[in-house]
Amino acid sequence: EDALSLLREAAKEEWPAVGMARARYLINDAAQTMTLLQPPKAEQPSRQPSSRRHKPARLPPGNRAFPALASALFALERAIAPARRPSTHCVVNFNCRYAPHVDP
């Protein structure tokens, strides 16, 4: 499925709890936000040292709740920016209002 369809479906589902660090910057209680990591590619050897690879047990709750969405978002990034180095993380927000802040 495409990323937009999966985002629309995810908006209807229950999301993992918002982490405490991010929650302190949210203004509204109805906000949903999650971090996704680039899903590991089992069929390709990793270029990262073994200590830095994302093993399934270490994937964030967003990846576990929405694995197809995580794959689709990173596939979309590869499609629209093939020459760019791929991201390792993606944050998905829904209905969020943030207080002004500077990310650490």
Side-chain angles (χ1 to χ4, degrees):
E1 287 186 72
D2 69 7
L4 184 56
S5 296
L6 291 166
L7 282 166
R8 287 180 175 142
E9 287 301 312
K12 301 173 191 173
E13 302 291 327
E14 184 172 332
W15 288 28
V18 176
M20 294 296 292
R22 191 171 294 152
R24 67 179 185 220
Y25 298 113
L26 291 171
I27 294 173
N28 54 327
D29 292 335
Q32 297 185 87
T33 180
M34 65 181 152
T35 299
L36 301 171
L37 289 182
Q38 173 77 260
K41 291 182 174 63
E43 67 278 358
Q44 296 179 353
S46 174
R47 294 182 188 168
Q48 294 181 340
S50 61
S51 62
R52 299 199 59 200
R53 289 185 202 139
H54 302 299
K55 298 177 176 82
R58 294 182 55 200
L59 290 175
N63 283 71
R64 292 192 300 271
F66 301 102
L69 175 60
S71 295
L73 288 174
F74 287 101
L76 174 62
E77 179 188 40
R78 286 189 301 275
I80 62 175
R84 196 180 117 195
R85 182 176 166 196
S87 300
T88 58
H89 294 71
C90 174
V91 175
V92 179
N93 296 301
F94 177 71
N95 199 28
C96 290
R97 286 184 37 221
Y98 284 93
H101 68 282
V102 176
D103 287 334

query: Shortest non-hydrogen contact from A68 to L6?
result: O-CD1, 3.5 Å
message: For a quick test of reading the model, state the closest non-hydrogen atom pair linking A79 to P82 and the distance between them.
response: O-CD, 3.8 Å
task: Give a yes or no answer on whether the side chain of D2 reaches the backbone of S5 with a donor-acceptor pair at less than 3.5 Å.
output: yes
message: If hydrophobic clusters are built from ILVMFWY residues whose side chains come within less than 4.5 Å, do V91 and F94 share one?
response: no
task: Measure the shortest side-chain to side-chain distance between M34 and P61 over non-hydrogen atoms and say whether it is less than 4.5 angstrom.
output: no
query: Do you see a donor-acceptor pair shorter than 3.5 Å between the side chains of Q38 and S87?
result: no
- prompt: Would L59 and L36 count as a side chain to side chain contact (heavy atoms under 4.5 Å, CB included) if you check the C-alpha gap in whole Å, the side-chain angles of each, and the deciding distance to 0.1 Å?
  reply: CA-CA 8 Å; L59 290 175; L36 301 171; over 6 Å; no
Heavy-atom closest pair, residues P39 and F74: CD-CD1, 3.6 Å
Side chain to side chain contact (heavy atoms under 4.5 Å, CB included) evaluation trace for E13 with F66: CA-CA 10 Å; E13 302 291 327; F66 301 102; 3.9 Å; yes
field: Rounded distance [0.5 Å steps], CG in L73 versus CG in L7
entry: 5.0 Å
statement: For G62 and P16 the tightest heavy-atom approach is N-CG, 3.7 Å
Enumerate donor-acceptor pairs with a distance under 3.5 Å from any side-chain N or O in residues 21-31 to protein atoms, sequence neighbours excluded.
unit_1, atom_1, unit_2, atom_2, d
R22, NH1, T33, OG1, 3.1
R22, NH1, T35, OG1, 3.4
R22, NH2, T35, OG1, 2.8
N28, OD1, R97, N, 3.0
N28, ND2, N95, O, 2.4

query: Any side-chain heavy-atom pair from N93 and Y98 closer than 4.5 angstrom?
result: yes
